[in-house]
Amino acid sequence: MRDHRTRDPKPERDAAASRPAGESSPFWRSLDELAGSDAFLDTLEREFPRQAVPLGEGVDRRRFLQLMGGSLALGGLGACTRQPLETIVPYVRQPEEIVPGKPLYFATAATLGGYATGVLVESHMGRPTKIEGNPQHPASLGATDVLTQASVLDLYDPHRSQAVRHLGRIRTWSAFVDSLATALGAQEGTAGAGLRILTETVTSPTLAAQMDAVRQRFSRARWVQYDPAGRHLARAGARAAFGSWAEVHYDLSRARVILALDCDLLAGEPGSVRYARQFAQWRRVWERREMNRLYAVESTPTPTGTLADHRLRLRPERIEALALALAAEMGLGATPPAGLDRQLGTWARAVAQDLLRHPGESLVVAGEWTSPELHVLAHAMNQRLGNFGSTVHATAPVAAAPSDQIADLAALADDLRQGRVEVLLILGGNPVYDAPADLGFADALRHEEARLRIHYGLVENETSAYCHWHIPATHYLEAWGDARAFDGTVTIQQPLIEPLYGSRSPHELLAIVEGRPGALGYDIVREHWLPQLGSEAAWRRALHEGTVPDTALPAAGAAAGGAVAAAVQRLSERVASPAAEYTLLFRPDPTLWDGRFAGNAWLQECPKPFTKLTWDNALLVSPATARQLGIDEQRTGRNRDRHPMVRVTVGASYLEVPVWITPGQADGAVTLHLGHGRTRGGPVAEGHGFDAYRLRTRQGLWQQRGVSLQPTGEAYALASTQGHFSMENRHLVREATVAEYADNPGFVHAHVHAPDEEMTLYPKWEYAGYAWGMGIDLSSCTGCNACVVACQSENNIAVVGKEQVLAGREMHWLRIDQYFKGPSADEPEGVYNQPVPCMHCETAPCEVVCPVAATVHSDEGLNDMVYNRCVGTRYCSNNCPYKVRRFNFYKFSDWQTESLKLQRNPDVSVRFRGVMEKCTYCVQRINHARIAAGREDRSIADGEIQTACQQACPTGAIVFGDINDASTEVARWKAQPLDYGLLEDVNTRPRTTYMGRIRNPNPELEA
Amino acid sequence: MTDGPDPRHFRPDVVERVPVLAPGHTPASVTDQISAVVLSGTPRWFYPAFGAAFMLLMVLMFALAKLFFEGTGVWGINQPVGWGFAIINFVWWVGIGHAGTLISAILLLLRQDWRTSINRFAEAMTLFAVACAGLFPLIHVGRPWLAYWMLPYPNTMGMWPQFRSPLVWDVFAVSTYAIVSLLFWYVGLIPDLATLRDRSQKPRARILYGMAAMGWRNSAKHWHEHEVASLLLAGLATPLVLSVHSVVSFDFAVGVIPGWHATIFPPYFVAGAIFAGFAMVLTLTIPLRTLFRLEDFITQRHLQNMGKVMLATGLIVVYGYAIEIFTAWYSANPFEWYVVTNRFGGPYKYHYTALIVCNVLAPQALWLRGVRSSAIGLWAVAMFVNVGMWLERFVIVVTSLHRDFLPSSWGMYHGTIWDWATFLGSIGLFLSLLFLFIRFIPMISIFEMRTLLPEARMEERE
């Protein structure tokens, strides 16, 4: 796997050059850098005093040997780990439950922005290899999102920081503890007036309790939380609406009509995994006769918008106007804005009527990106519709200490500049990179008065370059902890593995500040929970189940009253003011989020929805805006991947970024995803994409009005995995409205007919036992990519790097095809997601043409790939109508890096150069189930085998099982008239089939 | 002379045409002049020419080293275009390798005596072209060290090749063709090798030619058996001319990809192959004939006839193009029709246009006698056809694959510097072999040329 060595040449010098000049902390990662460093001389002098001679200009042979020797000695030092105290003897009694070759599963939780998703982690002989959702966890229901799926790779990231460093030099943990203890001792005199602790959003009850203890010791210390992609505006909106900090979450299982105002309800909110599952249950018309209806209004396309029955493409300013019109229709004391065009008015009226027709069964949601006023309005609408208690629940905040994070961070920057901060402990996060640009956080951090700056993180990043100490953090799979889900449910995070590099957990670090150094994470978390749980048995059960019972926050009585008038007032004023020409929207990256996953090669290479971009971000503009900018010319031939650059200017800052023309983007609104353009954080993170934070200010957290765009005339190569987004009038995704479906349930077969089964030269296959098949529901796929990364994680799929993606050689076994529909790219009528794994054709074109029988039909209908036999003619791939086969053009798998070997699924071969590979329907899982069933002398039950994609899918859009047994779910799906095979007219008779897509449009709007 | 019908009545094409052998030659002069090419030392131009070819061969070696060391990723192939220059070159070289056997076998059976002076050369060219062609399927696979798995041989794995695959058919077709062509060529060489053995002044050359001549003593029995063997091999080789490229076309026709899946492919490929083969023979013969002053043996007649064959097979190829388009339209299959429109107007439209210019328009010049009888004119048309036939394979392989069924998977293909190095390098291999051939082996069959002399005919009739 080329996971951590990309082929994109980004000289390390860039990273070196970006270091602050005044900072005497040379961080070296290579011999070249080292050769020029004073610090190394210093070390060398102390280690080998007699050999210490001044460095000359170049490096001669003797010097080279000396450097090599020194490096080896230092390298050896870095590898020193504490030996276990126990005597090492072989197992006398085998540890309970461990059977070599059989994985174990442990419940824990992954967090994002503080919100926990319960997961079950597959562990092979003590190595966590794969993340699955925890079916008993409310935020998971057995599925996960794409980021959680990929998080296991972060554990094994070879570029994780592995040692405590002081000014770049490796130091011991005790040296750090001494240094911190001394500084804290000095703080005791002033009750910690100079102590600041900066964390990300904390939902952990244990950590919050520790913070309380810290504040008892240092009453004047300040705790600042900052999440660059946190829910700042939603929080502010809820506070305005409810009068105090509050959390709102939804129950989509009761919602018949949903209006999403610039909200990625199904893939971007805390709890989205659950919402997506609940939503999808309303979309299976063949199971449930009625369908819900989703209206989505958005300025930039989201996965939620792809499933909307009515999607409206509006600039954020006009979304506010629309919201006012809706509020007026619902009688919330608003007046529709004067300039509202008729079409929008009709839309607002129809939607408002539809919502009002479903009191208590409707839902209005506003996205984090919308203004607090719009949140207030959304809450008021739900109030008006009587949705509270039914589809909407307001609870106490999930965050342990909710606050205005932006203001707090600004105060911290101010304190730093004023010299009021002496000890700064940055517990995770990367503010130097991701703080709003107008705070000048990096400059503030450089102030001399802050004598002890500590950065605690998984990798040495931009922030650690500005800190004295860097402390390696534990991955969530390595340490004890706890976290709350979107509804407050607590999960106790249990480690799956000892910290790979002897790192300490945040709890252990904070224990030093509390004044009890040496406390173990396990004890800290357990001491917090044991009294509340009452018994050891309850503790064990909570660990086993992955949830602590009865910790979901109770719904509070909601009253969204007085703030509405003020919100309407402010919105009306804003809507009345003239709109700027261009508005710049910031969004968390669909795969890198706020940049924390930039070092994760799976996520870097995961094609982002709507652009299918990998390894970069781009400025998303609508076709009309591109024309306005004069950059809409067609690129052909070798220049196909080169995209024009524009300069985006916000105030005094500017950024030059390539443009990606995105149908479905609102005209005049341009989107830039956060999280790219890292300058420090390992070779995977560095140098890919463009740093949107340089333009992001406190006022324009998610939208910056009045930016200017100027084409620069330059071009930049963007690596997208899909070059063509039109279906070319081919019947690939087949769609009907619910009314059309009622008239003609078999509409999917109207245009294309599969040839007769007998029309093949070769004898038919007979299946006496199982016959595996898959069904994919196009009505509920959001295109969120969870399946893509789940497949990558399960099947040891290699990452190839940007250059190879540009060459068209990405390795994903499962891809999500995305098509825009409609006569013009300006106003796409719909966006379609179509996951395409191997179809396991009955008459597989690949099998016939392989000269060495390396791809063969199994007696259960699988199209097996025999890697050992493959010589790599690529004929099978050429002849595959679905182009799902992937070829190892180079040795893409990383066979060298030790840490990555640990991540691999031992049940799946790591492929060598020159062989073809493709989706196997997770044959290793089938075989596990077969063995288990065989031992119990029974047949494999329906649902016993879940493919990796199926298991990860939040909406449950994928089913898998035995199609020879009519009672299985997949057989029931396939018996539906809605079921069709992709390209069935080619007579491939695919085993993977699709359920046609059904929309439920509002007849009033369907003109 | 007066008995029997005048053979000219049966062979109207001979009437008042340029003869196949310039008048005034005797058996001795024929033998002298042709064997002198080999025996009279190396001409001065040979060194730079061979040196250039050899350097190209070294480019091939370097490109192969790079390929084997790093993998097929050095080429431009990708998803969806899994085959690129390697397969294009393979089909191109196999096509070129068709003229030799056609000239020596089919024309021998048809008693076309004008073939005599070019058959040796054409056969050698065939062999070298097939050698170049055979290289590509071996090197284009992802794990070339296992390419022998495509051969049927007993092994501990208990595995046979997968006989339904056209690639396995290819292995048989091409290897059979190579073996038969080699035998045919060698059998035809034996009397001339003996001539060289007898005429050579240098001891080492006499030993080597002597060994190669396999004890040829010019006895009547030898001649008789030689004749029988030649006829038998000609009989064997004849169906191969048709079968090899038919099988090669199955590589595409058996696939389901629109643009490949066509029943017209076998005849259209065979015609294309002969078209390409004659073009290459002309490309090489015209300069060599001048350089070695062999105008007496390779006369206007030969050039004209080859021009006619090119025109005829070129028209079949044009028909193939037309039928491809017609079938796509008539089938009403949107995928097939898209391939056609994409060839005309898609990203590879310039390749397709160039193909039409080279293969459809340029050969029409051969209707003019002036072009057919002009060495330069013929050579120019032949060069167009060489390029055009390479483009034809490019269009078939690349434009069909790059946009097939699912628009999501559409892509582009461009050859990299290593693709070009391998392609040009294979020309280096071909030319190196060819230069060695013309330097060490009589490139015109001496004994057969002697049969064209008037006295040979006289004896026949008496």
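Chain A is the first sequence line, chain B the second, and so forth, proteins listed ahead of strands; every chain is numbered from 1.
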**Interface residue of largest heavy-atom contact number with chain B, from A:Cys880, A:Gly723, A:Cys870, under 4.5 Å** = A:Cys870

**Prompt:** Is the closest side-chain heavy-atom distance between B:Val256 and A:Thr988 below 4.5 Å?
**Reply:** no

**Prompt:** In Å, rounded to the nearest 0.5 Å, how long is the span from CG of B:Leu406 to OH of A:Tyr882?
**Reply:** 8.0 Å

**Complete:** In short, A:Val871 meets B:Val141 closest at the heavy-atom pair O-CB, 3.4 Å

**Request:** May I ask you to test the A:Lys883-B:Asp404 pair for a side-chain heavy-atom distance under 4.5 Å?
**Result:** yes

**Message:** A quick test of your reading: do over 12 heavy atoms of other residues, nucleotides or ligands sit less than 6.0 Å from OH of B:Tyr350?
**Reply:** no

**Message:** Less than 4.5 Å to any heavy atom of chain B: does that hold for the side chain of A:Ser726, its backbone, both, or neither?
**Reply:** backbone

**Message:** With heavy-atom distances below 4.5 Å as the criterion, would you say the side chains of B:Met150 and A:Pro851 are in contact?
**Reply:** yes

**Prompt:** Based on non-hydrogen pairs under 4.5 Å, which of A:Val849, A:Asn879, A:Asn878 is most in contact with chain B?
**Reply:** A:Asn878

**Prompt:** If you count heavy-atom pairs under 4.5 Å between each of A:Lys612, A:Arg886, A:Met916, A:Arg869 and chain B, which one has the most?
**Reply:** A:Arg869

**Asked** Under a 4.5 Å heavy-atom cut-off, does chain B meet the side chain of A:Cys876, its backbone, both or neither?
**Response** neither

**Complete:** Honestly, the part of A:Phe912 sitting under 4.5 Å from a heavy atom of chain B is side chain

**Heavy-atom proximity to chain B below 4.5 Å, by part of A:Arg730** = side chain

**Message:** Ring-plane angle category for A:His724 and B:Trp410, please: parallel below 30°, perpendicular beyond 60°, tilted otherwise.
**Reply:** tilted

**Message:** Between A:Tyr875 and B:Asp251, is there a side-chain heavy-atom distance shorter than 4.5 Å?
**Reply:** yes

**Residue among B:Trp160, B:Trp145, B:Tyr348 with most heavy-atom pairs under 4.5 Å to chain A** = B:Trp145

**Asked** If only atom types and distance count, is the side chain of B:Gln162 paired as donor or acceptor with the main-chain N or O of A:Glu847 below 3.5 Å?
**Response** yes

**Asked** If you draw a 6.0 Å radius around CG in B:Leu138, do more than 12 non-hydrogen atoms from other residues or ligands fall strictly inside?
**Response** yes

**Item:** Most chain B-contacting option - heavy-atom pairs closer than 4.5 Å, from A:Met727, A:Gln818, A:Arg815
**Value:** A:Arg815

**Item:** Nearest-0.5 Å distance that lies between atom CG in A:Asn868 and atom CE in B:Met157
**Value:** 10.0 Å

**Asked** Checking B:Arg164 against A:Tyr762: charged group under 6.0 Å from the ring centre and within 45 degrees of the axis?
**Response** yes

**Asked** Distance-only, no hydrogens or angles: does the B:Trp83 side chain make a donor-acceptor pair with backbone N or O of A:Thr873 under 3.5 Å?
**Response** yes

**Fill in**
Whatever's closer than 4.5 Å to a heavy atom in chain A on B:Tyr148 counts as neither

**Asked** Tell me, side chain or backbone of B:Leu151 under 4.5 Å from chain A's heavy atoms, or both, or neither?
**Response** neither

**Message:** Given heavy-atom pairs under 4.5 angstrom as the criterion, report whether the side chain, backbone, both or neither of B:Phe69 touches chain A.
**Reply:** backbone

**Heavy-atom contact with chain A under 4.5 Å, split by part of B:Ile77** = both

**Message:** At a 4.5 Å cut-off on heavy atoms, which part of A:Val852 comes close to chain B: side chain, backbone, both, or neither?
**Reply:** both

**Item:** Which atom of B:Pro407 lies closest to which atom of A:Glu728, heavy atoms considered
**Value:** CG-CG, 4.1 Å

**Asked** Does atom CZ of B:Phe62 have more than 12 heavy-atom neighbours from other groups under 6.0 Å away?
**Response** no

**Complete:** Scored by heavy-atom pairs under 4.5 Å with chain A, the best of B:Val168, B:Asn333, B:Val81, B:Leu401 is B:Leu401

**Message:** I'd like to check B:Glu70 versus A:Arg913 (side-chain heavy atoms, cut-off strictly below 4.5 Å). Are they in contact?
**Reply:** no

**Prompt:** Between A:Cys850 and B:Ser165, what is the shortest heavy-atom contact and its length?
**Reply:** O-CB, 3.4 Å

**Fill in**
Note: vs chain A, highest number of non-hydrogen pairs under 4.5 angstrom among B:Ile257, B:Leu146, B:Asp170 is B:Ile257

**Interchain contact, A:Pro845 with chain B, by part (heavy-atom threshold 4.5 Å)** = side chain

**Prompt:** Do A:Arg809 and B:Gln79 have side-chain heavy atoms sitting under 4.5 Å apart?
**Reply:** no

**Contacting moiety of A:Leu982, where chain B heavy atoms sit under 4.5 Å** = side chain

**Prompt:** Looking at A:Ala807 and B:Asn78, what are the two nearest heavy atoms and their distance?
**Reply:** O-CB, 2.9 Å

**Prompt:** Taking C-beta and beyond as the side chain, do B:Thr72 and A:Phe887 meet within less than 4.5 Å on heavy atoms?
**Reply:** yes

**Message:** Quick check: closest heavy atoms across A:Tyr890 and B:Val74, and the distance to 0.1 Å?
**Reply:** OH-N, 3.3 Å

**Prompt:** So what's closer than 4.5 Å to chain B heavy atoms on A:Ser877: side chain, backbone, both or neither?
**Reply:** side chain

**Asked** Can you say whether A:Asn729 sits under 4.5 Å from chain B via the side chain, the backbone, both, or neither, judging by heavy atoms?
**Response** neither

**Request:** Please say whether more than 12 non-hydrogen atoms of neighbouring residues, nucleotides or ligands are located less than 6.0 Å from OH in B:Tyr330.
**Result:** no

**Item:** Among B:Gly411, B:Ser408, B:Gly71, B:Gly82, residue most engaged with chain A (heavy-atom pairs, under 4.5 Å)
**Value:** B:Ser408

